[in-house]
Amino acid sequence: MAQAYGVALPEIFLAVVGMAILLYGAFRKQEDEAAANWLVMAALGGALLLVLYGAGGPAIAFNGLFIADGYAVFLKVLILIGATLAVLMSLDYLDRAFMARFEFPILLLYAVLGMLMMVSANDLISLYIGLELQSLALYVVAAFRRDSLRSTEAGLKYFVLGALSSGMLLYGASLIYGFTGATHFDAIAAAFADGQQAPIGVVVGLVFLIAGLAFKVSAVPFHMWTPDVYEGAPTPVTAFFAIAPKVAAIGLFVRVMVGPFGDLVAEWQQIIVFIAIASMVLGAVAAINQTNIKRLMAYSSIGNIGYALVGLAAGTEEGVRGVLVYMTIYMVMTLGTFGCILAMRQKGRMLEGIDDLKGLGRTQPMMAAAFAIFMFSMAGIPPLAGFFGKFYVFMAAVNAGLYVLAVFGVVASVVAAFYYLRIVKLMYFDAPTEAFDRPLGWKLGSVIAVTGLAILLFLVLPGPMLHSAGTAAATLFNG
Amino acid sequence: MLGDLPILSLVTFLPLVGAFFILLIRGDEAVVARNARNVALWTSLITFLLSLELWFSFDRGTSNFQFVERVEWLPEFGIAYHMGVDGISVLFVLLATLLTPICVLASWDAIRNRVKEYMIAFLALETLMVGMFCALDFVVFYMFFEGVLIPMFLIIGIWGGPGRVYAAFKFFLYTLLGSVLMLLAILYMYLQAGTTDIPTLMAFGFPEGVQAWLWLAFLASFAVKVPMWPVHTWLPDAHVEAPTAGSVILAGVLLKMGGYGFLRFSIPMLPDASALFTPLIFTLSIIAVIYTSLVALAQEDMKKLIAYSSVAHMGFVTAGTFTMTQQGIEGALFQMLSHGIVSAALFLCVGVLYDRIHSREIARYGGLVHRMPRYAFMFMLFMLASVGMPGTSGFIGEFLVMVGVFQANTWVAALIATGLILGAAYMLWLYRRVIFGKLTKSDLMDILDLNPREIAIFVPLAVLVMWMGIYPSSFIEIMAPSVSSLIENFEIARAESARPELAMIGDFVDWVRGE
C-alpha cells in the first residue's frame, strides 16, 4: 500500500498542499491576497518535480485504478507547466479586476489535480472521478466574476452542458460495464483481445462515451458551449481553459480509445474521422467572421482539436505521437497568444475586439512580432513550430491510409490561415489607433517572450521533444 | 579557394545574421533607417561575394551534387539537414544573391517608413530563397519553400500600394493551398521510401499508379508558383501592389521556384507520370503564352503588363522543361535565368518612373527620351531582351526552347512561336508609348534622368544580359552535365517501365478504385 502512495505521490502532494493553502487562506490576514497564487504556483512546481523524479516504468496502484506510465508523465509535465504559466500570466489581471481572492488559485489547483487523475485513469470509475473534479472546479472559476452577467452566464452554460455530457459519458460507461462485466481498462481490453466481435451494446456505449469526451475536448458537434464560455469567462480563466484542460482531455480521450478499445479501431475510427473533419472545417469557417478575439480563439481551439484528433483517428503509435507533439506545440502557442490577449489593455480597461489590434506593429513592435509568430505558427507555416505539429499528425493519417481526412485537413488549414493572417494584417497593414497600456509587467512579458522564442526556434533542436513524445506514445502500446 | 568552409550554409544564413544586427539597432528613426539600409546592403553584398565562390569552384564536368553538407537533424525520422547544388540549382542561388543587394539599393529612397522591418524582411527572404535552392532534403526544402510566404506577405502588405491587402492575401492563400497538397505527397513519398533525402528519392522509383497522384499534388504547388494558366491570377495583383523591390524578387526569383520544382522533383522522381502529363503541360503552356500575351496587349498599367508578360515567358519555360530534350531543358533553365534578370530590370525601370511621378499608368507618360536618354537606353536594352532580340539573353533562352519543342512536337512549336510575335508587339508598343512621342505632360518637363545609384543598379544587370546573349556557353556549360544526366535517368526509368501511357491510365484508374 505504501508503494501505491508512492506511485500517486504528485497527486497526493497536490491534494494535501491544496488543503493547507485553503486553511492558510481562511486564517490569514486580509492584506496578502496574492500570496495564495504564489503558494499554488510553488505547489504546482513541486508536483512537477515529483512527477519528473518519480518517472519510471509503468506502475499501477490502488487495485489498478491508477496508472503512472510514460504517457501519463509526458502529459502531466505539460499540464503542470501550462497551468503554472497560466496562473503566472493572470496575476496582474486578478489584481486589477479585484478578483484576487485566495479561492481562485486553489480552485485551479484542484482542477489540475483532476486533470492529473484523468491522464492517469486506468478504470472507467477513476476516469469519471478525475473528470468531475476537474469540471466542478472549472464551472466555478468560469463564473468567478459573479457581478458580471457574461461571466455567470458562461459558468451556468458550461455547468448545464457539462452535466449533460457527464451524464452521457456515465450512461456509456454503464453500458460498457453491462456488456463486458468490467470497468477496468485492461479487463475491457481483454474482452476484445481475441478478435471477438463487439456486442452492439458495447458499440452504443462507446458512442456515448465518445460523445461525452468530445464535449470535454470541444470537438464538433459537441462544441456549442466553447465560444460562449470562452467569451464570457474572465480572460485568465479562458486562457486556462484553452491550455491545461484541453491537454488533459485529449490525453484521456487517446488513452480510452487506444487502451481498452484499441482492438475495436474499426468501430470507432469512422466516428473520430468524422468529428475530426467537422471540427477542422467548422473551426476554420466559423472563425472568419468573429470580431471578438476570445471568441475567435474558441473557434481556433475547436479547429486545433480537430487536428489533434487526426492523429487519434490513425489509431497507431505514430498517431498518438502526433497527438502528443501537436498538443505540446498547441499549448505553447496558446499560452503565448493569451499572453498577448491579456496585454490588450487601454487605460486600465481590457479590450477584446480584434480591431483594437490595429497598428500594433507600430505601437508595440515586440509584442506584435510575438503575436504574429503565434498566428503564423497556428496557421502551420514553416519554419515555425506549428508546422511540425501538423506534419506529424498528417504523417500518421497518410500512413494509416486516411487520405480523405488528410486532404480535408490541409484544405481546412488554408481556410483557417485566412483568419490568422487577418490578425497579422490588422497589426501590420493598418494604421495604429490608440496604444495599449505599458509596461506589460515582467510576468506577462516573460511568458510571451519565452513562448515566442520556443515557437520560433523549435526547428533548431526539435529532437528531444519529438523523442520523448515518441517514447511516451510507445508506452501506451507496449506497456 | 575557401577550402572546407560550409559555403552553402554560410551563403544561406549570413543574411539572417545581418537581419539580427538590424534588429538590434536603436535610436531615432532617421538613424535607424540609415543604419538598417547600410547593414542590409553590406550583408547582401558580402553574401553575394561569398556566393561567387560557387561560380569559381563549381566543377563543370560532373552532374553530382557539389559543396554537399550533411548534418543529422531528426535521425529517428531519417530527416537530415542536407545541402548541395548541381548544375540545375547553382545558378539560381547566384541569381538570388545578385538580386538581393540590387533590391536593397532600389529601395534606398523609395522605402521611407519602417525601414528596419523592411530590411529584415528582405534579408530573411534571401535566406529562405537561397536555402530552398540548396536543400537536398524534402522537408528542409519544404520549410524554405513555404517560409518564403511570410516575408513576402509582409512586404506586399506593409509597403505595397492601395490594394495591397487583397493582393497579399491572394498571394498567400493561393500559394499555400498548392503547397499543402504537395506536403501530403511528400509525406506519402517519405512513408514509402523511409527517407526524405532528395538524391535517394530520385532513385527510388515509385509505383506507376501512384505517380500520377503524386505528380498532380506537385503540380498544384508548382503551377501556382510558376504561375501557369489558369492559376496565374494572383501574379498581376501581387506585382501591381508590391513595392518595386518586391516585384523584382517576385519575378526574379520566386517564380523560378515552380520551374525548379518541376526539374528537381516532378521529372526525376515521377518520370512515368511526367511522360503521361506532358500533353497537359504543353496545352497549358500554349494557352499561357498566347492568352496572357493578348491580355498584356490590353493593359494600361506598366507593372501589370510586365506581370502578364512574365506568365507568357514562364509558359516557354514549362513547355521547354517537358520536352525532355537537352536543348529544351537547357533553354528552360536559361530562359528562367534570363527572365529573372530581364523582368527584374523591367520592374526596376517602372520603379524609376514611379519614384518620380508616382504613377504606373502608361498614358501618363510619353516622350521621355527627350529628358531621360540614359533611362531610355537602359529600358530599350531590357525591353529588347524581353522580346528575344539576338545578342541578348532572351534570345538564347527562347531559341533553345523552340529547338527543343520542335523536336517534341511541331504543332506545339508553331503555336508557342506566336508568343514571340505577340511579345514583340506588346513590349515595343509599351516602349513607344512611354519613351517616344511628344513630351507634352507638364510634370514630365523637368523629370530627372538616372542618378548614380540607379545606374549602379542597372549596369550589372545590363552586363549580364549582354554576356548571356553573346557568350552563353559560360552558363550552359554549368547546366549541361546535370541536364544530360537528368534526361538519361528519365530515359532509363521510362525504358524500365516500358509501357505506353495508356496502360498507365488503366493503373491509375485501378488505383483510384482501390484494386
Side-chain angles (χ1 to χ4, degrees), chain A residues 318 321 361-362 365-366 368-369 372-373 375-377 379-384 387-388 390-401 403 405-407 409-422 424-430 459-467 469-471, chain B residues 23 72-77 79 81 113-114 116-117 120-121 124 127-128 131 139-150 153-160 164-166 168-169 171-192 213 217 220 514:
Chain A
E318 227 180 355
R321 182 187 65 202
R362 299 307 283 275
M366 291 317 278
I373 286 173
M375 290 300 109
F376 280 122
S377 174
I381 309 297
L384 301 169
F387 165 73
F388 291 90
K390 293 207 166 67
F391 182 80
Y392 286 103
V393 289
F394 285 125
M395 185 195 284
V398 170
N399 207 11
Y403 302 117
L405 174 65
V407 171
V410 294
V411 172
S413 84
V414 177
V415 178
F418 174 79
Y419 65 79
Y420 294 125
L421 288 181
R422 194 157 65 107
V424 176
K425 174 232 162 202
L426 287 167
M427 291 192 298
Y428 282 97
F429 302 178
D430 289 351
L459 81 158
V460 178
L461 201 64
M465 198 280 264
L466 296 175
H467 181 77
T471 328
Chain B
L23 194 65
E72 289 304 326
W73 185 47
L74 288 172
E76 281 173 80
F77 299 93
I79 300 173
Y81 171 78
N113 66 345
R114 294 203 245 181
K116 183 172 150 181
E117 286 92 338
I120 292 176
T127 289
L128 294 167
V139 174
V140 178
F141 165 82
Y142 185 82
M143 292 179 53
F144 285 121
F145 185 81
E146 191 134 323
V148 165
L149 295 182
I150 298 177
F153 175 74
L154 296 175
I155 288 169
I156 297 175
I158 300 179
W159 295 279
R164 61 207 157 89
V165 174
Y166 173 76
F169 271 82
F171 162 75
F172 195 103
L173 296 176
Y174 247 77
T175 337
L176 182 63
L177 183 61
S179 305
V180 291
L181 294 173
M182 178 171 79
L183 178 64
L184 291 183
I186 293 177
L187 283 172
Y188 184 85
M189 291 166 89
Y190 163 66
L191 292 166
Q192 291 289 305
W213 279 108

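Computation of the quantities below employed the complete heavy-atom set of this structure, encompassing side-chain atoms and omitting hydrogens, waters and symmetry-equivalent molecules. Numbered from 1 within each chain, the chains take letters A, B, ... in sequence-line order. Predicted model, so just to flag it, every value in this text is computed and none were measured.
Here the CD1 atom belonging to B:I158 is positioned 12.5 Å from the NZ atom belonging to A:K425, to the nearest 0.5 angstrom. In this structure, the separation between CZ on A:R422 and CZ on B:F169 is 8.0 Å, given to the nearest 0.5 Å. One distance of note links NZ of A:K390 with CG of B:L187; it measures 13.5 Å at 0.5 Å rounding.
Aromatic ring orientation, B:F153 versus A:F376: perpendicular (interplanar angle above 60°, classes split at 30° and 60°).
Both the backbone and the side chain of A:F394 come within contact range of chain B, with heavy atoms under 4.5 Å apart. There is no contact between B:A217 and chain A, counting heavy-atom distances below 4.5 Å. Heavy atoms of B:F144 lying under 4.5 Å from chain A are absent altogether. For A:L459, the parts lying under 4.5 angstrom from a heavy atom of chain B are both the backbone and the side chain. Looking at B:L173, the atoms closer than 4.5 Å to chain A (heavy atoms on both sides) sit in the backbone and in the side chain alike. For A:V424, the part lying under 4.5 angstrom from a heavy atom of chain B is the side chain only.
Applying the salt bridge (Lys or Arg N to Asp or Glu O under 4.0 Å) test to B:K116 and every residue at least two apart in sequence or in another chain returns nothing. Here B:F145 pairs with B:F141 under the ring-ring contact (aromatic ring centres under 6.0 Å, His included) rule; sequence neighbours left out.
Heavy atoms only, all atoms of each residue included: B:F172 and A:I381 are closest at CZ-CD1, 3.6 Å. A pairwise comparison of heavy atoms in A:S413 and B:V180 identifies OG-CG1, 4.2 Å as the closest pair. The shortest non-hydrogen separation linking B:L191 to A:M395 is CD1-O, 3.5 Å. Closest of all the heavy-atom pairs between A:V414 and B:L177 is CG2-CA, 3.7 Å. Taking each heavy atom of A:P382 and B:I150 in turn, the nearest pair found is O-CD1, 4.1 Å. Across all non-hydrogen atoms, the minimal contact from A:P383 to B:G147 is CD-CA, 4.3 Å.
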Start with the C-alpha gap between B:W213 and A:Y403, add the side-chain angles, then the distance that decides, and say whether side-chain contact (heavy atoms from CB on, under 4.5 Å) holds. CA-CA 11 Å; B:W213 279 108; A:Y403 302 117; over 6 Å; no
Report the C-alpha separation of B:W73 and A:V460 in whole Å, then their side-chain angles, then the decisive distance to 0.1 Å, and conclude whether the side-chain contact (heavy atoms from CB on, under 4.5 Å) test is met. CA-CA 8 Å; B:W73 185 47; A:V460 178; over 6 Å; no
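Dense packing is recorded around OH of B:Y81, with more than 12 heavy atoms of other residues, nucleotides or ligands lying under 6.0 Å away.
When atom types are taken as modelled, the side chain of B:R114 and the backbone of A:R362 share no donor-acceptor pair closer than 3.5 angstrom.
Residues A:F387 and B:L183 are in side-chain contact: their nearest non-hydrogen atoms beyond the backbone lie under 4.5 Å apart.
The ring of B:Y142 has its center no closer than 6.0 angstrom to the ring center of A:F391. Between B:F77 and A:Y392, the ring center distance clears the sub-6.0 Å criterion.
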